[in-house]
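Notes to accompany the following structure.
Since the model is a prediction, treat every value here as computed from it, not as a measurement. Just the heavy atoms: all of them, side chains too, but no hydrogens, waters or symmetry mates, feed the values below.
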Amino acid sequence: MRKLLVFNSVTLDGFFTDKNGDMSWAHQDDAEWKAFVDENAKGEGELVFGRITYDLMVKFWPTPFAIESFPIVAERMNSAPKVVFSRTLDKAPWNNTKLVKGDIAAEVRKMKNSPGNDMVILGSGSIVSQLAQEGLIDEYQMAVNPVVLGKGRTMFDGVKDMLALKLTKSRTFTNGNVLLCYQPK
């Protein structure tokens, strides 16, 4: 069975975007962090997005600026198989992207039971909260950034029941980021 992972940067106060949906606070120019991001980008997983995150990604990663500035990550983002869940999009023109308009949980169950590599959700807080409530997320990877925003969005907006998680791995970076990996108990 394929696994479904979440990878997101979060602030010390638990937000993955600021109140305007901006994530620029998470992008740091640090050699150790860049090496980690580049290595992570070499994974073989299928990328999973909600519409808002998809819109942000498709406007950035195929651009000459992204390709020049972040060549390893840009190559992976542009070539990887992708799924976008949306009720409003009519098409998903980004290379290797499948648009899914139906029931998110039902579709993810089908995806997990189909052959292929693991899947990773980037951003997409509404997707994370819906799938977390359904018990469909196998691992949460959160890069905690030493930043406090005061206001913003959490990945878990709308979660009604407690999610009990166990820490499976952690790593501290010289820039102050801490990677925390959790699995459901």
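Note: R171 CZ to N177 CG = 10.5 Å, rounded to the nearest 0.5 Å.
Other residues, nucleotides and ligands place no more than 12 heavy atoms under 6.0 Å from the CG atom of D161.
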Review point. Would R109 and L136 count as a side chain to side chain contact (heavy atoms under 4.5 Å, CB included) if you check the C-alpha gap in whole Å, the side-chain angles of each, and the deciding distance to 0.1 Å?
Key: CA-CA 7 Å; R109 281 186 189 92; L136 292 170; 3.7 Å; yes

Check your understanding: Passes salt bridge (Lys or Arg N to Asp or Glu O under 4.0 Å), D30 versus K34? Steps please.
Key -> CA-CA 6 Å; D30 173 85; K34 183 182 180 317; over 6 Å; no

Practice item. Would you sort out whether D138 and K112 count as a salt bridge (Lys or Arg N to Asp or Glu O under 4.0 Å), showing the intermediate values? Key: CA-CA 10 Å; D138 300 293; K112 287 181 79 162; 2.8 Å; yes

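Here the rule is side chain to side chain contact (heavy atoms under 4.5 Å, CB included) with Y182, and of M142, K166, Q141 only M142 fits it.
Of the possible polar contacts, none joining the D118 side chain to the L4 backbone as a donor-acceptor pair under 3.5 Å is found. Listed for the S79 side chain is a donor-acceptor partner under 3.5 Å among the backbone atoms of E75. Between the side chain of N145 and the main chain of T11, no donor-acceptor pair closer than 3.5 Å is present. Using a distance-only test at 3.5 Å, with no hydrogens or angles considered, a donor-acceptor pair links the side chain of D18 to the main chain of N20.
A single hydrophobic cluster is seen to contain both L131 and V83, as judged by linkage of ILVMFWY side chains at heavy-atom distances under 4.5 Å, directly or through other members. Linking ILVMFWY residues whenever their side-chain heavy atoms come closer than 4.5 Å, directly or via other members, leaves V100 and L47 in distinct clusters. In the hydrophobic cluster analysis, where Ile, Leu, Val, Met, Phe, Trp and Tyr join through side-chain heavy atoms closer than 4.5 angstrom, V108 is grouped together with I127. Transitive grouping of hydrophobic side chains (ILVMFWY, heavy atoms separated by less than 4.5 Å) keeps I121 and M77 in distinct clusters. Following chains of ILVMFWY side-chain contacts shorter than 4.5 Å, one can reach L122 starting from W61, so the two form part of one hydrophobic cluster.
Using a 4.5 Å cut-off on side-chain heavy atoms (C-beta onward), S126 and F85 make no contact. For the pair F156/F16, no side-chain contact is recorded, criterion being any heavy-atom separation below 4.5 Å from C-beta on. Using a 4.5 Å heavy-atom threshold, the side chains of K101 and R87 count as separate.
Under the side chain to side chain contact (heavy atoms under 4.5 Å, CB included) criterion, T88 pairs with R51, S86, sequence neighbours left out. Listed by chain and residue number, Y54, K82, V84, A92, W94 satisfy the side chain to side chain contact (heavy atoms under 4.5 Å, CB included) test with T97 (two or more places apart in sequence, or in another chain).
Taking the six-membered ring for Trp and the full ring otherwise, the centers of F36 and F173 sit less than 6.0 Å from each other.
For K98 and E46, the salt-bridge test fails: no basic side-chain N is under 4.0 Å from an acidic carboxylate O.
No side-chain donor-acceptor contact under 3.5 Å links T168 and Q183.
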